[in-house]
Amino acid sequence: MHPRLLRGSGRRASRGLAVLALVPTFGLVLATAAYADVTTVTGSAYGASVNVTTLAGTVVNLPPTPIVTLPAAGSAVPVTASTASVNVAVLKTGVLNASTQGTLGAGGSVTSSANVANPAVGIGLLNALSATVVGSTCTSNEAGSSGTATVAGLTLLGLPANVSLAPNTTVNVLGVGILHVNEQIVTGSGASSGITVNALRLEINAGALGNGSIIIGQSVCGVTGTGVVVPTGAIGGVLLTAVVAVAFGLYQLRRTRRARIA
(Lines give C-alpha, C1' and ligand atoms only; values in the text may rest on other atoms or scores of the structure.)
Protein backbone atom coordinates (compact mmCIF):
# COMPACT_ATOMS: atom_id res chain seq x y z
CA MET A 1 0.00 0.00 0.00
CA HIS A 2 1.22 3.53 -0.78
CA PRO A 3 2.73 5.42 2.23
CA ARG A 4 0.08 8.13 1.91
CA LEU A 5 -2.63 5.54 2.12
CA LEU A 6 -1.00 4.05 5.20
CA ARG A 7 -0.82 7.45 6.86
CA GLY A 8 -4.41 8.19 5.94
CA SER A 9 -5.58 4.85 7.29
CA GLY A 10 -3.73 5.51 10.55
CA ARG A 11 -5.35 8.90 10.97
CA ARG A 12 -8.78 7.47 10.23
CA ALA A 13 -8.24 4.67 12.73
CA SER A 14 -7.19 7.16 15.41
CA ARG A 15 -10.24 9.30 14.78
CA GLY A 16 -12.41 6.21 14.89
CA LEU A 17 -11.05 5.12 18.23
CA ALA A 18 -11.62 8.60 19.66
CA VAL A 19 -15.25 8.64 18.51
CA LEU A 20 -15.92 5.17 19.86
CA ALA A 21 -14.39 6.11 23.20
CA LEU A 22 -16.79 9.06 23.49
CA VAL A 23 -19.95 7.10 22.70
CA PRO A 24 -20.20 5.29 26.09
CA THR A 25 -19.69 8.68 27.75
CA PHE A 26 -22.66 10.08 25.84
CA GLY A 27 -24.69 7.06 26.93
CA LEU A 28 -23.80 7.67 30.58
CA VAL A 29 -24.68 11.35 30.32
CA LEU A 30 -28.07 10.40 28.92
CA ALA A 31 -28.66 7.90 31.73
CA THR A 32 -30.55 9.15 34.77
CA ALA A 33 -31.30 7.28 37.99
CA ALA A 34 -34.43 5.15 38.09
CA TYR A 35 -36.13 3.37 40.93
CA ALA A 36 -37.22 -0.12 41.81
CA ASP A 37 -40.96 -0.64 41.61
CA VAL A 38 -42.25 -0.73 45.21
CA THR A 39 -45.12 -3.22 45.37
CA THR A 40 -45.98 -3.14 49.10
CA VAL A 41 -45.47 -0.68 51.92
CA THR A 42 -45.74 -1.01 55.70
CA GLY A 43 -45.52 1.77 58.21
CA SER A 44 -46.57 2.53 61.77
CA ALA A 45 -45.58 4.60 64.77
CA TYR A 46 -46.56 5.22 68.36
CA GLY A 47 -45.53 7.39 71.26
CA ALA A 48 -45.26 4.98 74.19
CA SER A 49 -46.17 1.54 75.48
CA VAL A 50 -45.83 -0.13 78.89
CA ASN A 51 -45.84 -3.78 79.92
CA VAL A 52 -44.56 -3.98 83.51
CA THR A 53 -45.26 -6.08 86.58
CA THR A 54 -44.19 -4.16 89.67
CA LEU A 55 -42.56 -5.76 92.71
CA ALA A 56 -45.93 -5.44 94.44
CA GLY A 57 -47.44 -7.65 91.72
CA THR A 58 -49.35 -4.85 90.02
CA VAL A 59 -49.56 -5.24 86.24
CA VAL A 60 -49.20 -1.96 84.38
CA ASN A 61 -50.22 -2.26 80.76
CA LEU A 62 -50.39 0.66 78.35
CA PRO A 63 -51.05 -0.34 74.73
CA PRO A 64 -49.19 1.64 72.06
CA THR A 65 -50.43 5.23 72.43
CA PRO A 66 -51.20 7.01 70.14
CA ILE A 67 -50.69 4.59 67.25
CA VAL A 68 -50.93 5.10 63.51
CA THR A 69 -50.77 2.48 60.75
CA LEU A 70 -50.19 3.00 57.05
CA PRO A 71 -52.97 1.63 54.79
CA ALA A 72 -51.96 -1.27 52.53
CA ALA A 73 -52.34 0.99 49.48
CA GLY A 74 -50.15 3.63 51.11
CA SER A 75 -50.90 7.29 51.67
CA ALA A 76 -49.09 10.29 50.20
CA VAL A 77 -50.64 12.38 52.99
CA PRO A 78 -49.27 11.73 56.51
CA VAL A 79 -51.48 9.58 58.73
CA THR A 80 -51.18 11.23 62.14
CA ALA A 81 -52.37 10.91 65.73
CA SER A 82 -51.74 12.87 68.90
CA THR A 83 -52.42 12.37 72.61
CA ALA A 84 -52.17 15.15 75.18
CA SER A 85 -50.44 13.04 77.83
CA VAL A 86 -49.93 9.63 79.44
CA ASN A 87 -50.22 9.04 83.19
CA VAL A 88 -49.91 5.46 84.42
CA ALA A 89 -48.20 3.96 87.46
CA VAL A 90 -44.69 3.88 85.98
CA LEU A 91 -44.81 6.42 83.12
CA LYS A 92 -45.86 10.03 82.74
CA THR A 93 -45.48 12.14 79.60
CA GLY A 94 -46.47 15.33 77.90
CA VAL A 95 -47.79 15.45 74.33
CA LEU A 96 -47.24 12.35 72.16
CA ASN A 97 -47.30 12.50 68.34
CA ALA A 98 -47.12 9.76 65.72
CA SER A 99 -47.04 9.94 61.92
CA THR A 100 -46.57 7.63 58.91
CA GLN A 101 -46.85 7.97 55.15
CA GLY A 102 -45.77 6.01 52.07
CA THR A 103 -46.38 5.43 48.39
CA LEU A 104 -46.25 2.50 45.96
CA GLY A 105 -44.75 2.32 42.48
CA ALA A 106 -41.53 3.67 41.02
CA GLY A 107 -39.66 5.61 43.68
CA GLY A 108 -42.06 4.39 46.38
CA SER A 109 -41.02 4.85 50.00
CA VAL A 110 -42.21 4.94 53.61
CA THR A 111 -41.44 7.44 56.37
CA SER A 112 -42.66 7.14 59.98
CA SER A 113 -41.94 9.16 63.11
CA ALA A 114 -42.88 9.38 66.79
CA ASN A 115 -42.18 12.12 69.32
CA VAL A 116 -42.83 12.33 73.06
CA ALA A 117 -42.46 15.39 75.27
CA ASN A 118 -41.24 15.16 78.87
CA PRO A 119 -41.38 11.40 79.49
CA ALA A 120 -40.63 10.30 83.07
CA VAL A 121 -40.30 6.72 84.33
CA GLY A 122 -40.42 5.87 88.02
CA ILE A 123 -42.34 4.66 91.05
CA GLY A 124 -42.79 6.79 94.13
CA LEU A 125 -39.54 8.68 94.83
CA LEU A 126 -37.54 6.67 92.29
CA ASN A 127 -36.83 8.74 89.19
CA ALA A 128 -35.45 6.04 86.93
CA LEU A 129 -35.53 8.07 83.72
CA SER A 130 -36.66 11.43 82.41
CA ALA A 131 -36.09 13.55 79.30
CA THR A 132 -37.37 16.70 77.66
CA VAL A 133 -37.85 15.27 74.15
CA VAL A 134 -37.65 11.72 72.82
CA GLY A 135 -38.33 10.72 69.22
CA SER A 136 -37.53 8.39 66.36
CA THR A 137 -37.77 8.49 62.57
CA CYS A 138 -37.37 5.79 59.91
CA THR A 139 -37.31 5.58 56.14
CA SER A 140 -37.55 2.65 53.72
CA ASN A 141 -37.13 2.81 49.94
CA GLU A 142 -35.49 0.94 47.07
CA ALA A 143 -32.05 1.68 48.54
CA GLY A 144 -32.81 0.10 51.92
CA SER A 145 -34.01 1.12 55.40
CA SER A 146 -32.52 3.50 57.95
CA GLY A 147 -33.51 5.28 61.14
CA THR A 148 -32.50 7.93 63.65
CA ALA A 149 -33.38 8.85 67.22
CA THR A 150 -33.56 12.08 69.20
CA VAL A 151 -33.08 12.14 72.98
CA ALA A 152 -32.70 15.50 74.71
CA GLY A 153 -32.33 16.37 78.39
CA LEU A 154 -31.92 12.76 79.50
CA THR A 155 -31.47 11.97 83.20
CA LEU A 156 -30.95 8.53 84.74
CA LEU A 157 -31.63 8.03 88.46
CA GLY A 158 -31.97 11.80 88.74
CA LEU A 159 -28.55 12.59 87.24
CA PRO A 160 -27.84 14.10 83.81
CA ALA A 161 -26.81 11.41 81.34
CA ASN A 162 -24.86 12.07 78.17
CA VAL A 163 -25.45 8.91 76.15
CA SER A 164 -24.48 8.07 72.58
CA LEU A 165 -27.23 8.10 69.98
CA ALA A 166 -25.40 5.54 67.83
CA PRO A 167 -27.71 2.69 66.80
CA ASN A 168 -28.23 0.01 69.43
CA THR A 169 -26.50 1.77 72.32
CA THR A 170 -27.14 0.16 75.72
CA VAL A 171 -26.78 1.68 79.19
CA ASN A 172 -26.90 -0.18 82.50
CA VAL A 173 -29.28 1.63 84.89
CA LEU A 174 -28.33 0.44 88.36
CA GLY A 175 -31.18 -1.23 90.23
CA VAL A 176 -33.54 -0.87 87.26
CA GLY A 177 -32.29 -2.72 84.18
CA ILE A 178 -30.93 -1.98 80.70
CA LEU A 179 -31.75 1.13 78.69
CA HIS A 180 -31.64 0.64 74.91
CA VAL A 181 -31.02 3.90 73.04
CA ASN A 182 -31.81 4.24 69.33
CA GLU A 183 -32.60 0.54 69.15
CA GLN A 184 -32.78 -0.51 65.50
CA ILE A 185 -34.07 -3.85 64.23
CA VAL A 186 -33.48 -4.23 60.49
CA THR A 187 -34.92 -6.98 58.27
CA GLY A 188 -34.11 -7.73 54.64
CA SER A 189 -31.99 -5.45 52.48
CA GLY A 190 -32.10 -3.24 49.41
CA ALA A 191 -35.42 -2.96 47.61
CA SER A 192 -37.13 -5.30 50.11
CA SER A 193 -36.33 -4.29 53.67
CA GLY A 194 -37.83 -3.02 56.90
CA ILE A 195 -36.77 -1.37 60.15
CA THR A 196 -38.14 -0.80 63.63
CA VAL A 197 -36.64 2.06 65.62
CA ASN A 198 -37.22 2.47 69.38
CA ALA A 199 -35.87 5.80 70.54
CA LEU A 200 -35.77 4.42 74.11
CA ARG A 201 -36.61 0.98 75.41
CA LEU A 202 -36.17 0.39 79.13
CA GLU A 203 -35.77 -3.30 79.81
CA ILE A 204 -36.72 -3.69 83.49
CA ASN A 205 -35.16 -6.77 85.08
CA ALA A 206 -36.05 -7.43 88.73
CA GLY A 207 -35.04 -3.90 89.66
CA ALA A 208 -36.90 -1.43 91.82
CA LEU A 209 -39.62 -1.16 89.17
CA GLY A 210 -40.22 -4.90 88.83
CA ASN A 211 -40.06 -6.67 85.44
CA GLY A 212 -41.10 -5.79 81.92
CA SER A 213 -40.41 -3.11 79.35
CA ILE A 214 -41.27 0.48 78.49
CA ILE A 215 -40.91 1.78 74.94
CA ILE A 216 -40.84 5.49 74.16
CA GLY A 217 -40.95 6.67 70.54
CA GLN A 218 -41.31 3.77 68.12
CA SER A 219 -41.35 4.08 64.33
CA VAL A 220 -41.66 1.25 61.79
CA CYS A 221 -41.00 1.32 58.03
CA GLY A 222 -40.86 -1.32 55.31
CA VAL A 223 -41.09 -1.80 51.55
CA THR A 224 -41.13 -4.70 49.13
CA GLY A 225 -39.76 -3.93 45.69
CA THR A 226 -38.86 -5.61 42.43
CA GLY A 227 -35.19 -5.54 43.37
CA VAL A 228 -34.27 -4.35 39.87
CA VAL A 229 -32.81 -0.86 39.65
CA VAL A 230 -31.71 0.04 36.11
CA PRO A 231 -30.54 3.56 35.15
CA THR A 232 -33.07 5.11 32.81
CA GLY A 233 -31.44 5.43 29.41
CA ALA A 234 -28.74 2.88 30.17
CA ILE A 235 -30.24 0.36 27.75
CA GLY A 236 -30.66 3.14 25.21
CA GLY A 237 -27.06 4.14 25.77
CA VAL A 238 -25.85 0.61 25.07
CA LEU A 239 -27.93 0.42 21.90
CA LEU A 240 -26.66 3.84 20.82
CA THR A 241 -23.08 2.66 21.29
CA ALA A 242 -23.70 -0.45 19.18
CA VAL A 243 -25.45 1.44 16.37
CA VAL A 244 -22.77 4.13 16.15
CA ALA A 245 -20.00 1.52 16.24
CA VAL A 246 -21.54 -0.49 13.37
CA ALA A 247 -22.24 2.60 11.30
CA PHE A 248 -18.72 3.91 11.77
CA GLY A 249 -17.24 0.53 10.88
CA LEU A 250 -19.20 0.36 7.63
CA TYR A 251 -18.19 3.90 6.78
CA GLN A 252 -14.52 3.15 7.32
CA LEU A 253 -14.80 -0.04 5.26
CA ARG A 254 -16.24 1.89 2.30
CA ARG A 255 -13.50 4.52 2.51
CA THR A 256 -10.80 1.86 2.61
CA ARG A 257 -12.21 0.13 -0.47
CA ARG A 258 -12.39 3.42 -2.40
CA ALA A 259 -8.80 4.23 -1.41
CA ARG A 260 -7.60 0.84 -2.69
CA ILE A 261 -9.42 1.24 -6.00
CA ALA A 262 -7.92 4.72 -6.44
Side-chain angles (χ1 to χ4, degrees), residues 33 35-36 38 40-49 64-70 74-83 86 91 93-103 107-121 129-156 160-173 178-203 213-225:
Y35 301 95
V38 173
T40 65
V41 289
T42 57
S44 64
Y46 67 80
S49 67
T65 304
I67 186 168
V68 292
T69 302
L70 188 65
S75 174
V77 178
V79 180
T80 63
S82 180
T83 299
V86 161
L91 175 67
T93 76
V95 177
L96 307 91
N97 294 302
S99 174
T100 186
Q101 66 183 103
T103 55
S109 65
V110 175
T111 299
S112 302
S113 64
N115 293 281
V116 180
N118 302 311
V121 176
L129 177 156
S130 67
T132 54
V133 177
V134 173
S136 70
T137 301
C138 66
T139 299
S140 291
N141 54 35
E142 80 288 344
S145 296
S146 61
T148 60
T150 300
V151 180
L154 180 66
T155 69
L156 297 175
N162 184 19
V163 300
S164 170
L165 292 180
N168 299 309
T169 295
T170 59
V171 179
N172 183 31
V173 184
I178 303 296
L179 177 64
H180 300 263
V181 182
N182 191 13
E183 183 179 44
Q184 299 191 8
I185 304 166
V186 180
T187 59
S189 63
S192 296
S193 67
I195 187 171
T196 298
V197 183
N198 295 318
L200 295 178
R201 180 171 71 87
L202 183 58
E203 181 184 351
S213 68
I214 298 173
I215 295 175
I216 303 173
Q218 182 183 99
S219 57
V220 178
C221 296
V223 295
T224 301

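The figures here come from the full heavy-atom set of this structure, side chains too, leaving out hydrogens, waters and symmetry mates. Fair warning: this is a prediction, and the values are worked out from it, not measured in the lab.
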Residues two or more places apart in sequence or in another chain: which of them pass side-chain contact (heavy atoms from CB on, under 4.5 Å) with [X]?
X      : answer
Thr155 : Asn127, Ser130
Val133 : Ala152
Thr148 : Thr137
Thr42  : none

Quick one: does [X]'s side chain get under 4.5 Å of [Y]'s, heavy atoms only?
X      : Y      : value
Ile195 : Ser140 : yes
Cys221 : Ser145 : no
Ile178 : Val171 : no

Please table the atom pairs, donor to acceptor, closer than 3.5 Å between any side-chain atom in residues 110-121 and protein atoms at least two apart or in another chain.
| unit_1 | atom_1 | unit_2 | atom_2 | d |
| --- | --- | --- | --- | --- |
| Ser112 | OG | Thr100 | OG1 | 2.8 |
| Ser112 | OG | Val220 | O | 2.9 |

**Q.** Verdict with reasoning, Leu70 to Ser75, per side-chain contact (heavy atoms from CB on, under 4.5 Å)
**A.** CA-CA 7 Å; Leu70 188 65; Ser75 174; 4.1 Å; yes
Heavy-atom closest pair, residues [X] and [Y]:
X      : Y      : value
Leu96  : Pro66  : CB-CD, 3.5 Å
Ile215 : Tyr46  : CD1-OH, 3.5 Å
Ser99  : Thr80  : OG-CG2, 3.7 Å
Ser109 : Val41  : O-CG1, 4.4 Å
Ser136 : Ser219 : OG-OG, 3.0 Å
Leu165 : Thr169 : C-OG1, 4.5 Å

Taking side-chain hydrogen bond (donor to acceptor under 3.5 Å, both in side chains) as the definition, give me every residue that meets it alongside [X], ordered by chain and number, with sequence neighbours left out.
X      : result
Ser146 : none
Ser82  : Asn97
Gln101 : none
Thr40  : Thr224

Q) Looking at residues at least two apart in the chain, or sitting in another chain, which of them share a salt bridge (Lys or Arg N to Asp or Glu O under 4.0 Å) with Glu183? A) Arg201
Q | OG-CD distance between Ser193 and Glu142, expressed to the nearest 0.5 angstrom | A | 9.5 Å
Q.
For the CD1 atom of Ile216 and the CG atom of Leu91, what is their distance to the nearest 0.5 Å?
A. 5.5 Å
Q: Please assess Leu179 against Leu200 for the test side-chain contact (heavy atoms from CB on, under 4.5 Å), listing each intermediate value before the final yes or no.
A: CA-CA 7 Å; Leu179 177 64; Leu200 295 178; 4.1 Å; yes
Q | salt bridge (charged side-chain N to carboxylate O under 4.0 Å, His left out) pairs, two or more places apart, involving residues 161-171 | A | none
Q.
According to salt bridge (charged side-chain N to carboxylate O under 4.0 Å, His left out), does anything in residues 214-225 pair up with another residue at least two apart or in another chain? List the pairs.
A. none
Q) Are Asn198 and Gln218 close enough that a side-chain donor and a side-chain acceptor fall under 3.5 Å? A) yes
